[in-house]
Amino acid sequence: MESGLGSNCNERHWIFKDDSWFSQFRNGSNPWMARYAYALIFLVSNLLAWAVRDYGHNAFPEMEKLKNCQGGRGCLGAEGVLRVSLGCFAFYFVMFLSTAGNSRMYNCRDSWHSGWWSAKIGLWIALTVTSFLVPTFIVQIYGEIAHFGAGVFLLVQLVSVISFITWLNDCCQSEKTAERCHIHVMLLATAAYIICIFGIIMMYIWYAPEPSCLLNIFFITWTLVLLQLMTSVSLHPKINSGFLTPGLMGLYVVFICWCAIRSEPAGESCNRKAEASNKTDWLTIISFVVALLAMVIATFSTGIDSQCFQFSKKEARAEDAVPYGYGFFHFVFATGAMYFAMLLIGWNTHHTIKRWTIDVGWTSTWVRIVNEWLAVCVYLWMLVAPVILKWRQTSESA
């Protein structure tokens with residue numbers, strides 16, 4: 001019995017190693033290829049939600065016949081986005097429940113994650129169609145829960161970004177690469193600070209043209225203060241983390257601040273860029289497409305980064321261990337489904353958004369700003385925590 005099982009695993013391992021990528025994908029033997037299929041399903045759900053929001057009234061007149069959609073209007077617009085998001089969330093949540101805890105390849109749950117695409121695509125379509133048949137009050141409840149789920153996604157993404165920056169800094173400061181990468185680290189850190197300062201100056205020019213723009217001036221100035229704070233703490237003698245991590249974190253923080261101010265509604269006198277993009281032109285369309293793809297890529301990259309949430313001591317990797325956490329991967333995509341719904345409706349279930357826009361509204365602005373402040377707090381805690389814990393251990397031993 002054991003020899004038969006071992007030969008079966010060896011056979012699948014040989015297929016995984018030597019066969020073509022198409023055969024691996026078709027036979028369900030390549031979890032790395034499966035990631036792209038799940039990302040494609042997620043992208044199609046995003047596009048479907050956008051189409052329902054912007055063009056649903058003209059393309060789906062038969063929705064008016066559905067009883068659970070408030071005369072058809074409830075199945076389109078903001079509620080239509082929530083319905084598509086609900087179907088997408090249900091699909092990835094089912095995948096999360098069916099793959100969570102699996103740590104070995106070449107078993108049934110591994111085959112379910114990496115294969116059975118006809119069944120899974122059928123399941124995704126069925127759940128998406130079903131989401132348009134459920135009563136409106138269920139969709140409204142889901143919309144409220146989606147606010148929390150989207151916040152969880154932002155938190156997971158935040159930890160993933162900070163973990164990557166810390167990992168990169170540790171690699172550059174290791175004994176093997178410290179001398180070889182010294183110049184590269186200095187150039188990268190210098191470039192990061194130059195871009196940060198340049199970005200802050202441009203935000204002052206674009207989004208704070210008048211002294212009366214107090215809110216935007218506060219956002220931008222406080223971002224500059226946070227950049228200085230991160231640098232000072234990182235260079236403290238007891239921490240001594242160098243310039244690289246605060247420089248890269250500065251890029252991330254400045255980018256979030258820029259996204260937050262850009263999310264301010266059009267018509268604000270202090271947001272000339274929003275007024276210029278009020279009309280739908282090719283630049284607006286390109287910005288929308290880039291934002292959509294960036295969201296999918298962020299979800300994809302965060303989903304495979306389950307190691308940054310392993311707080312226990314890492315053990316030696318088994319030969320048949322899964323390449324990434326399947327359950328965590330699907331959990332990130334499930335919360336990502338809630339996140340893209342919030343972006344498309346501006347974090348407000350009763351908010352009307354114009355065509356070809358994403359993440360616009362004062363709620364979106366404040367969500368971004370709070371995310372920026374939280375990012376700095378998490379980063380500073382990761383710097384200060386080892387020093388505090390070491391001081392406590394020294395005090396207790398004394």
Side-chain angles (χ1 to χ4, degrees), residues 38 41-42 44-54 56-57 60 62-100 120 123-157 263 295-296 299 302-303 327-353 357-368 370-371 374:
Y38 289 114
I41 293 174
F42 188 75
V44 173
S45 297
N46 279 256
L47 295 175
L48 179 60
W50 158 73
V52 169
R53 187 198 70 176
D54 288 359
H57 293 282
F60 305 106
E62 61 274 8
M63 287 289 184
E64 298 179 0
K65 300 178 181 180
L66 297 178
K67 297 181 180 179
N68 293 325
C69 296
Q70 294 181 351
R73 296 181 180 179
C75 282
L76 306 173
E79 188 172 320
V81 172
L82 291 176
R83 290 179 181 273
V84 175
S85 172
L86 175 60
C88 183
F89 166 80
F91 170 74
Y92 285 106
F93 191 72
V94 169
M95 294 303 304
F96 163 73
L97 293 177
S98 58
T99 59
K120 286 188 291 192
L123 175 64
W124 168 64
I125 294 174
L127 291 173
T128 303
V129 172
T130 304
S131 66
F132 283 89
L133 303 177
V134 299
T136 300
F137 77 91
I138 294 180
V139 179
Q140 293 175 348
I141 294 175
Y142 171 77
E144 298 300 324
I145 298 175
H147 286 83
F148 173 76
V152 172
F153 174 82
L154 287 175
L155 182 60
V156 172
Q157 186 184 43
S263 296
M295 179 174 54
V296 176
T299 308
T302 305
F328 179 81
F329 178 83
H330 293 296
F331 172 78
V332 170
F333 271 86
T335 55
M338 296 180 172
Y339 179 64
F340 83 70
M342 293 297 102
L343 292 186
L344 289 175
I345 66 175
W347 295 80
N348 191 342
T349 56
H350 304 288
H351 182 54
T352 302
I353 296 184
T357 57
I358 186 171
D359 199 21
V360 175
W362 282 113
T363 306
S364 300
T365 298
W366 281 105
V367 167
R368 294 283 189 182
V370 172
N371 186 37
L374 182 61

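To the nearest 0.5 Å, atoms OG1 (T136) and CD1 (I141) are separated by 11.0 Å. The distance from atom CZ of F328 to atom OG1 of T99, rounded to the nearest 0.5 Å, is 12.5 Å. Separating the CZ atom in F340 from the CD1 atom in I345 is a distance of 10.5 Å, to the nearest 0.5 Å. We find the CG-CG distance between N46 and L344 to be 6.5 Å, quoted to the nearest 0.5 Å. Summarising the geometry, atom CG belonging to L133 is positioned 11.0 Å from atom CD1 belonging to I138; distances are rounded to the nearest 0.5 Å.
Between F42 and F333, the ring-plane angle classifies as perpendicular under the 30° and 60° cut-offs. Taking the six-membered ring where tryptophan is involved, the planes of Y38 and F91 are tilted, since the angle between them lies from 30° to 60°. Ring geometry, Y142 versus F89: the interplanar angle falls from 30° to 60°, so the pair is classed tilted.
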Do M342 and M338 pass the side-chain contact (heavy atoms from CB on, under 4.5 Å) test, and can you show the C-alpha distance, the side-chain angles, and the key distance before you say yes or no? CA-CA 6 Å; M342 293 297 102; M338 296 180 172; 5.6 Å; no
For T335 and V156, run side-chain contact (heavy atoms from CB on, under 4.5 Å): C-alpha distance rounded to whole Å, both residues' side-chain angles, the deciding distance at 0.1 Å, then the answer. CA-CA 10 Å; T335 55; V156 172; 5.9 Å; no
Under the side-chain contact (heavy atoms from CB on, under 4.5 Å) rule, what do R53 and L82 come out as? Steps first, then yes or no, please. CA-CA 10 Å; R53 187 198 70 176; L82 291 176; over 6 Å; no
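Counting only heavy atoms from C-beta outward, the side chains of R83 and V134 approach each other to under 4.5 Å. The closest side-chain heavy-atom distance from Y92 to I41 is below 4.5 Å. Here the side chains of L374 and L154 are not in contact, with every heavy-atom distance at 4.5 Å or above. Side-chain contact between Y339 and V152 is absent, with no heavy atoms from C-beta onward closer than 4.5 Å.
For S85 (side chain) and V81 (main-chain N/O), no donor-acceptor pair under 3.5 Å exists by modelled atom type. Between the side chain of H147 and the backbone N or O of W347, at least one donor-acceptor pair lies under 3.5 Å. Side chain of S263 to backbone of T365: no donor-acceptor contact under 3.5 angstrom is found.
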